Amino acid sequence: MPKPSSKAEPPSPDESLADTPYSHKGLTYPLGRSGPEAGEIMPLADGIGWTRSPVPGSLNHINLWLLDDGDGIALVDSGLDIPPAREAWETLFAGPLAGRTVTRVICTHFHPDHLGLAGWLCARFGVRLWMTRGEWLFARMLTTDVRDAPPAEAIAYWRAAGWDEERIAAETGKGWGRFASVVSPVPVSYVRMRDGDTVRIGARDWRVVVGSGHSPEHACLVDEAGRLMIAGDQVLPRITSNVSLALSEPEADPLGEWLDSIAKLRRLPDNLLVLPSHGEPFTGLHARLDALVEGHRGRLDALHEHLAEPRRAVDCFSILFGRAIGDGVYGLATGEALGHLRRLEVEGRAVREAKDGVYWFRAA
Ligand SMILES: [Zn+2]
């Protein structure tokens, strides 16, 4: 199968564009504001370790969790398949994890910083990958769909969002299927996790709580007795998770699903120590969820005002992100702008008109 012509790494879908690095009311960081280096393990709670894997760009790292699991360790998330992330694992296996075995690899969702090395780890230890079905299928689909050029639907999607021909040509030159360039082969068999399942890992029972909007069927793991929540990207302390209208479902409403998921998580107890994939463990789940809703509602209102004149998705970046959008994150910004515009449309606050293949949105 041909590899994409460009070797450039795709931007992580976890990169945040509406990043507001503030410490806000109601959040505390019981372990402080720093974490382990790559190749190190910091003990977090009884039978739980924390390590980090390098991620290029503003994200800097992803947090990975190591859970005592009887004879070995269950891993939660895996890092990108890039040399420094593999080296971090080798350092762990030669050092703090020497002599330990891995019992299973659990991935919260399909994004490459979470899934990238899962297949490599599963093969190395001869163990199963645990995911929700929606996430596993998405990963399998994306890693097998590698082509020399983007399909016509992708070009139509970029044009509809307002991309100019020069940008479309540049993107077309990068090929199609860059996801596969930072993800090791995804196992063809897996163990399915379902919303509401209880997964016994070592001495703890973890309940699977599924959310949607950032990815199709994102799994959080909640140990209410131990007051812990492995949150993945469903709740992050300082950055707003990317919520994009994806090419695969152009008539979906990911931001609506995201807001519904926040309401669902808001019913969890407020006393959990939240273990996020980016940033530091924190308490204050409810305050953080409330702030996320407020942030999205504020952006939707500002966007609605901005649509007094008809606008394309690319005309909405300044309103939504309050920062310059460079070429590296232009695609992510487009998806996120379309996600917000689509939400306004679903709420009956905007209408969309297609003219020569370009979507124009105006306030209703
Ligand atoms: Zn993600």
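Every number for a ligand or one of its atoms is a count from 1 in the order of the listing. Just so we're clear, the structure is a prediction, and the values are computed from it rather than from any experiment.
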| remark: For His111, the N, O or S atom at the shortest distance from the Zn ion (ligand 1) is ND1
| query | Looking at the Zn ion (ligand 1), which N/O/S atom of Asp233 is the nearest one? | reply | OD2
| request: Can you tell me which residue pairs pass the salt bridge (charged side-chain N to carboxylate O under 4.0 Å, His left out) test with a partner in residues 55-64, sequence neighbours excluded? | output: none
| remark: So the salt bridge (charged side-chain N to carboxylate O under 4.0 Å, His left out) pairs with at least one residue in residues 252-266 (sequence neighbours excluded) are Asp195-Lys264, Asp253-Arg343, Arg266-Asp290
| query | Roughly how far apart are Ser212 OG and Leu259 CG, rounded to 0.5 Å? | reply | 11.5 Å
| request: For the Zn ion (ligand 1), find the closest N/O/S atom on His214 and give its atom name. | output: NE2
| message | Could you go through Phe93 and Phe125, starting from their C-alpha distance and side-chain angles, then the distance that decides it, and tell me whether this counts as ring pair (Phe, Tyr, Trp, His ring centres under 6.0 Å)? | response | CA-CA 12 Å; Phe93 293 136; Phe125 291 96; 5.1 Å; yes
| task | Please confirm if an N, O or S atom belonging to His114, backbone or side chain, lies less than 2.8 Å from the Zn ion (ligand 1). | result | no
